[in-house]
Student: 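My questions will all concern the structure given below.
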Amino acid sequence: MSKNEIILSGGIIPWLGIKQSLDYAIDAGYDGLEILPTRKVIKELASVVKIYGEDKWVNYFSNLNLIKGIHQNWRLDIGLDKEYKINLFWSLFFTVIRILLFPSIDKSKKIIEIVSRKFNLPVTVHEISNEWTHDDNEFSGGIFFEIISAKKRSPEEIKKWLTKKQHKIVVDTRDDQSLLWAKNNRFKDWKSFWEWLGLRNIGGIQLTLIGINGLKKILNHSSSTAEEQLLWLHKQKWQGIITVEVNPLILFITTRGRVKQGLRTIADFVRQTMGDGNNWSS
């Protein structure tokens with residue numbers, strides 16, 4: 001792994017298969033792709049595994065080394081939108097999207113396990129339950145826990161969970177997800193929360209731009225919390241993966257259809273701030 005890699009979340013392009021997604025990510029200026037088990041991805045992989053077998057299926061693809069991460073099936077998030085601070089309209093919208101684009105949990109788990117084992121990649125999950133951690137039989141690449149739940153895990157539980165070598169945290173740059181847990185556990189701000197976790201325990205950063213305001217700040221070179229966070233990570237010499245997750249509909253509207261150009265701008269933002277340590281805002 002290079003010092004820092006910027007990868008594109010497959011959630012931005014859930015209608016594409018793996019081959020197309022990898023090409024799209026590279027063309028948009030990213031170092032790789034985070035796989036999500038969408039119906040399209042599962043169908044493609046299941047077909048290839050059936051033809052080539054679980055040991056040789058990689059022969060079908062030419063650039064699978066660009067898969068840098070794996071994320072849980074978003075169907076597991078159904079019913080949690082209230083906790084994510086998502087209003088009723090968008091909750092219903094996202095629920096429909098999850099059902100339409102994502103397969104059953106069992107189908108996605110099988111493929112995720114195959115990919116994780118083949119490339120020794122950790123799987124990012126939204127809850128450290130038996131559904132994903134398998135007790136003592138976890139994914140071979142380990143578990144990255146993206147803290148979402150503000151109620152279910154105490155600081156003591158998090159620290160105990162992090163004592164295992166293959167356990168890391170993915171922190172979300174939004175105030176309404178990972179940092180909600182921190183606020184409810186009386187951390188005064190994101191910096192105190194991240195320092196409490198310890199940079200060695202942060203396996204990845206999720207640059208999440210779901211709403212229009214955060215996205216506009218980056219596209220317009222305005223000051224943002226994300227800029228402050230990435231500049232701080234540069235000073236701390238943090239090494240890891242930044243995953244860019246953008247609402248594709250909001251991105252399409254904001255960029256007037258120039259989606260790929262917008263994604264390139266976001267990648268430039270990450271490289272200039274965290275990579276080079278230079279301000280993005282004027």
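Note that these values count all heavy atoms, side chains included, but never hydrogens, waters or copies made by symmetry. Numbers here simply count residues along the sequence, with the first being 1.
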Student: Measure from the side-chain N and O atoms of Arg39 to the backbone N and O of Leu100, and report whether any donor-acceptor pair falls under 3.5 Å.
Tutor: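 Present.
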Student: State which residue, out of Leu230, Asn4, Thr273, fulfils the side chain to side chain contact (heavy atoms under 4.5 Å, CB included) condition with Ile242.
Tutor: Leu230
Student: Check the pair Lys68, Asp31 against salt bridge (charged side-chain N to carboxylate O under 4.0 Å, His left out), reporting the backbone distance first and the verdict last.
Tutor: CA-CA 8 Å; Lys68 306 291 185 179; Asp31 300 313; over 6 Å; no
Student: State whether the side chain of His167 and the backbone N or O of Leu162 hold a donor-acceptor pair below 3.5 Å, judged by distance alone.
Tutor: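 No; zero donor-acceptor contacts below 3.5 Å.
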Student: Just wondering, are more than 12 heavy atoms of other shown residues or ligands nearer than 6.0 Å to NZ in Lys56?
Tutor: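 12 or below, so no.
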Student: Decide if the gap between the ring center of Trp238 and the ring center of Trp232 is smaller than 6.0 angstrom.
Tutor: no
Student: Can Leu33 and Leu66 be said to form a side chain to side chain contact (heavy atoms under 4.5 Å, CB included), step by step?
Tutor: CA-CA 6 Å; Leu33 179 75; Leu66 299 178; 6.0 Å; no
Student: Show me the donor-acceptor pairs within less than 3.5 Å that the side chains of residues 42-53 make with the rest of the protein, sequence neighbours left out.
Tutor:
unit_1	atom_1	unit_2	atom_2	d
Glu44	OE1	Ile18	N	2.5

Student: Tell me whether Lys118 at atom NZ has more than 12 heavy atoms from other residues, nucleotides or ligands lying less than 6.0 Å away.
Tutor: yes
Student: For His71 and Ser9: C-alpha separation, side-chain torsions, deciding distance, then whether side chain to side chain contact (heavy atoms under 4.5 Å, CB included) applies.
Tutor: CA-CA 9 Å; His71 199 287; Ser9 167; over 6 Å; no
Student: Taking Ile99 as the fixed residue, which of Val96, Ile97, Thr95 is the one that meets the side chain to side chain contact (heavy atoms under 4.5 Å, CB included) rule?
Tutor: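 With Ile99 as partner, side chain to side chain contact (heavy atoms under 4.5 Å, CB included) holds for just one option, Thr95.
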Student: Could you walk me through whether Phe193 and Val171 pass the side chain to side chain contact (heavy atoms under 4.5 Å, CB included) check?
Tutor: CA-CA 10 Å; Phe193 171 45; Val171 288; 4.3 Å; yes
Student: Main chain of Leu263, side chain of Tyr30: is a donor-acceptor contact present, judged purely on distance under 3.5 Å?
Tutor: yes
Student: How close do Gly141 and Ser116 get, counting heavy atoms only, and between which atoms?
Tutor: N-OG, 3.6 Å
Student: Rounded to the nearest 0.5 Å, how far does CG of Asp189 lie from CD of Glu195?
Tutor: 8.0 Å
Student: Could you give all pairs that pass the side chain to side chain donor-acceptor pair (under 3.5 Å) test and reach residues 10-24, with sequence neighbours left out?
Tutor: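 Qualifying pairs: none.
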Student: For the side chain of Thr265 and the backbone of Gln261, is there at least one donor-acceptor N/O pair under 3.5 Å apart?
Tutor: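 Yes, Thr265 side chain to Gln261 backbone: donor-acceptor pair under 3.5 Å.
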Student: Mark yes or no for whether Glu5, through its side chain, and Gly32, through its backbone, hold a donor-acceptor pair below 3.5 Å.
Tutor: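 Flag not set: sc Glu5 to bb Gly32 has no pair under 3.5 Å.
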Student: Look at the rings of Phe187 and Trp196 and say which category their plane angle falls in: under 30° parallel, 30 to 60° tilted, over 60° perpendicular.
Tutor: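 Tilted: the ring planes of Phe187 and Trp196 meet at 30° to 60°.
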Student: Could you list all the ring pair (Phe, Tyr, Trp, His ring centres under 6.0 Å) pairs where at least one residue sits in residues 259-282, not counting sequence neighbours?
Tutor: His221-Trp280, Phe269-Trp280
Student: Identify which one of Thr254, Thr255, Leu249 satisfies the side chain to side chain contact (heavy atoms under 4.5 Å, CB included) criterion when paired with Leu251.
Tutor: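 Filter result, single survivor: Thr255.
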